[in-house]
Amino acid sequence: MTDHATVYDVRERTGNPGHASVDTVCKRLLERAATPRTDHPDAHLDTVIATVVDRYGDAVVRAVVHQILVNGVPFRTAAADHDVTAVDGVRIGTVATQVLSELNTEL
């Protein structure tokens, strides 16, 4: 384990309007969970997050994403704080950070 927290370029942390907000990340993540892409190289991530959202619900996934992106809580710790398995916490964190990166590239 490292001595420093990971910092994400999310608007709530940086104050930069050029960075995506957590709400925007969650909206896209949940849209993809509801309608997974089939013809995209990252389509497997949509399927993964769809399974996680079905298992825990939108509100829990949003809370875990917020913990990770804004508060810098490690994936597994954020999951444990919401009674989510460690592996599903890693799945949520992986998809959320990928979506954040994608959104920040688009902006």
Side-chain angles (χ1 to χ4, degrees):
M1 245 169 113
T2 62
D3 291 335
H4 61 84
T6 302
V7 177
Y8 297 103
D9 288 337
V10 65
R11 187 176 306 155
E12 288 80 354
R13 282 191 67 98
T14 66
N16 183 341
H19 291 152
S21 70
V22 171
D23 287 339
T24 305
V25 171
C26 288
K27 180 180 177 188
R28 172 135 337 149
L29 182 147
L30 293 171
E31 286 171 354
R32 290 191 178 156
T35 310
R37 299 167 291 180
T38 57
D39 60 347
H40 192 276
D42 292 330
H44 63 288
L45 296 176
D46 299 352
T47 303
V48 164
I49 202 65
T51 301
V52 173
V53 169
D54 285 346
R55 189 172 292 145
Y56 302 104
D58 293 6
V60 170
V61 171
R62 283 180 178 273
V64 172
V65 169
H66 188 275
Q67 286 276 80
I68 292 167
L69 296 181
V70 176
N71 300 333
V73 176
F75 297 176
R76 291 180 180 129
T77 303
D81 290 347
H82 295 281
D83 294 325
V84 173
T85 65
V87 71
D88 285 338
V90 171
R91 290 174 177 141
I92 293 168
T94 299
V95 175
T97 57
Q98 187 273 338
V99 169
L100 176 63
S101 176
E102 177 185 306
L103 287 167
N104 282 343
T105 301
E106 290 176 2
L107 297 175

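All figures in this text were calculated on a predicted structure; none of them were measured in a lab.
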Inset, instruction - May I ask you to decide if Asp9's main-chain N or O and Asn104's side chain share a donor-acceptor pair within less than 3.5 Å? - result: yes
Inset, instruction - Output all residues satisfying salt bridge (charged side-chain N to carboxylate O under 4.0 Å, His left out) with Asp88, sequence neighbours left out; order by chain, then residue number. - result: Arg55, Arg91
Inset, instruction - Only one of Val52, Asp83, Val84 passes side chain to side chain contact (heavy atoms under 4.5 Å, CB included) with Val60; say which it is. - result: Val84
Legend entry - Partner set under salt bridge (charged side-chain N to carboxylate O under 4.0 Å, His left out) for Arg62, not counting sequence neighbours: none
Legend entry - Heavy-atom closest pair, residues Ala79 and Gly89: CB-CA, 3.5 Å
Inset, instruction - Provide the full list of side-chain hydrogen bond (donor to acceptor under 3.5 Å, both in side chains) pairs with a residue in residues 72-81, sequence neighbours left out, each pair given once. - result: Gln67-Asp81
Inset, instruction - Applying side-chain contact (heavy atoms from CB on, under 4.5 Å), name anything that partners His44, two or more places apart in sequence or on another chain. - result: Asp42
Inset, instruction - For Thr94, enumerate each residue passing the side chain to side chain donor-acceptor pair (under 3.5 Å) test, keeping only those at least two apart in sequence or located in another chain. - result: none
Legend entry - Under 3.5 Å donor-acceptor, Asp46 side chain and Arg37 backbone: yes
Inset, instruction - State, to 0.1 Å, how close Ile68 and Gly93 come at their nearest heavy-atom pair, and which atoms those are. - result: CD1-CA, 3.7 Å
Inset, instruction - Please identify each residue that fulfils salt bridge (charged side-chain N to carboxylate O under 4.0 Å, His left out) with Arg13, with sequence neighbours left out. - result: none
Legend entry - Donor-acceptor pair, side chain of Asn16 and main chain of Gly18, under 3.5 angstrom: yes
Legend entry - Smallest separation among heavy atoms of Val65 and Cys26, with atom names: CG1-SG, 3.7 Å
Legend entry - Closest non-hydrogen atom pair, Val10 against Leu69: CG1-O, 3.3 Å
